[in-house]
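Data first, discussion second: the structure below is written as structure tokens.
In what follows, chains carry the letters A, B, and so on, assigned in the order in which the sequence lines appear, proteins first and then strands, with residues in each chain numbered from 1.
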Amino acid sequence: MDPTCSDSAAGGTPSRRPPTKRSSRQDSSSSSSDEEDEAEASGEEIADDEEEEEEVEEEAAAVEPAAKEHPAAAAAGEKRGGRKGRITISLKKVCKVCKRTGHEAGFKGAVYIDCPMKPCFLCKMPGHTTLTCPHRVAMEHGVIPAPRRNASTSLDYVFQSQVKGKISMKGLLGIWDYVKLHEKITYDSVHSCILNSMKIDNANDGILYTASSDGTISCTDLDTGIGSPLLNLNPNGWNGPSSWRMIYGMDLNTDKGLILVADNFGFLYFLDRRSKTRIGHPILIHKKGSKVTTLHCNPARPEVLLSSGNDHYARIWDTRKLEANSPLASLAHGRVVNSGYFSPQSGNKILTTCQDNRIRVWDYIFGDLQSRSREIVHSHDFNRHLTPFKAEWDPKDYTETVAVVGRYISENYNGVALHPIDFIDTSSGKLLAEVMDPDLATISPVNKLHPSIFIWKPKTEDELAEERTKQKAKEYVYGSGSRKKTNGKHDNSSDDDSDGDSGGKNKKAKKTRFTCTTKGKGKFKV
DNA sequence: AGCGTATGTCTCC
DNA sequence: TGGAGACCCTACGC
């Protein structure tokens, strides 16, 4: 029944991998140093560049004292079954990424050092690393550290009970009022696999719809906790991964009383909310066999549907005349599209998150959709192990410009690597704020902003006018050449970015149309 | 503290 | 076309 228990898991640990053609550049640094050891033991020269690093060599008889200082050497000696011969302990710098010597990549304290042999991890362009990427968000400017908390709070309770607690089951659904934490209820019988989407039916207060990788849609009454299944795409149970259907995308069309559902094979289903029955036949809306990641009904025109999928497309549909291969528009992306959302008020804009490390914005869905209005470089290209990152609109931002999205690349916060949650002005690509908390050391791929509680305060007309004046003064002093320097050859957010540079140069980018209040905990950079 | 491992997509053969 | 293997900053249990 559980697809995750299948034998479909690919890859495996490096130690299980058979040898490949890349014999001189093996997967792990340990294996490559083993090779060097072997080579030296047999008198061969090592082809690698000789760097200035020293090598310590010990005779087998002297292993014991060496092992005290170098446990790895002892382990290596044991592995070889006490084979007599010279033990070489290499102190060469070996890059974990490209396996070459002479440089290192990885964490140095809380700062991650990039491999200079690879393209930039952030914007994917060659010639520089993440640290020097023009799209890099710098932490050093205008940061006000949050006070470290020692006292236990209600959040600590949640953390202790949920994160640290032993939760071995999958598909748990927890519901609580955040001011009454002790009344939290956990349901373990609603789904048997991970929950991918949840929607509360605003027209029927207290009804929650959930979509899961177990292939079912459930409807749960939040007051009574009574749930009922609405749809099961795997009525015949587990017959292997090739036939197991999982549901990721789901949305409600409250006008028509419909629930729209999409599976990991590219098909869209309609459910009638009241009769709890399927309507019509499944319709192929993305490449056959590819996952549909999100569905979103347009808030102003509920018959207009946005789907995004693993086939590198986001598509707009008219659900009144829906047929396969008949989208109103197909929006091409560089890689898998993690999510796509209409803007929350007018529904005229589209915001997508793609695994090519770019957030894309279309300003007007009834205009020319062939090319996106903006493309914002942002670090979120991590899909394995984690829920895919999804940028979302701030639902209470009437100007439909602010989006929230978690960031993958960490920042050094008082010696700790933390992953901020970014607030981005999608009209310019500028970072408005980043939120961090030492108690939140994990990555936050999915974030929901409160529908009514503001952490943003729109600027007054006077403040805006003052900023415009300051900006003009800067342009006069520095000229307009900075944009070229900043963006270089990268085609990023600036197609119609009249303000000049985008995401990375944040000393200038910090102030735009919003300020951020210091309500609550965590760190805000404005 | 350190190791093992689940997990998804992409590229190459 | 499909399968095997690679993959840069995880999170968590043992």
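- Atom P of nucleotide B:dG8 and atom CG of A:L386 are separated by 11 Å, given to the nearest angstrom.
- Proximity of A:N310 to the phosphate of B:dG8: no side-chain N or O atom is located under 4.0 Å from OP1 or OP2.
- Listed pair A:K118 / C:dC7 fails the phosphate criterion, with no side-chain N or O lying under 4.0 Å from OP1 or OP2.
- Here the C1' atom of nucleotide C:dC9 and the NE2 atom of A:H419 are 6 Å apart, to the nearest Å.
- At least one side-chain nitrogen or oxygen of A:R335 sits closer than 4.0 Å to the OP1 or OP2 atom of B:dC10.
- The NE2-P distance, from A:H312 to B:dT9, rounds to 9 Å in whole Å.
- Nucleotides C:dC9 and B:dT11 place their C1' atoms 23 Å apart, quoted to the nearest Å.
- Between A:F382 atom CZ and C:dA6 atom C1' there is a gap of 13 Å when expressed in whole angstrom units.
- Heavy atoms of A:S410 sit under 4.0 angstrom from at least one base atom.
- Judged by distance alone, the side chains of A:H191 and A:T216 do bring a donor and an acceptor atom under 3.5 Å apart.
- Evaluation of atom-type donor-acceptor distances gives a pair under 3.5 Å for the side chain of A:H385 against the base of B:dA6.
- Judged by the 6.0 Å and 45° rule, A:K108 forms no cation-pi pair with A:Y112.
- Following rounding to the nearest Å, A:N357 (CG) and B:dT9 (C1') show an atom-to-atom distance of 14 Å.
- Looking at heavy-atom distances under 4.0 Å, A:P119 makes contact with a base.
- Considering only the side chain of A:Y248, B:dG8 comes nearest among C:dC8, B:dG8, C:dA11.
- Between A:H286 and A:W317, the distance from one ring center to the other does not fall under 6.0 angstrom.
- Residue contacts shown for A:I409 include a base, since a base heavy atom lies under 4.0 Å away.
- The side chain of A:V336 lies closest to B:dT9 when the candidates are B:dG8, C:dC9, B:dT9.
- Counted by atom type alone, A:T210 and A:S218 present zero donor-acceptor pairs between their side chains at under 3.5 Å.
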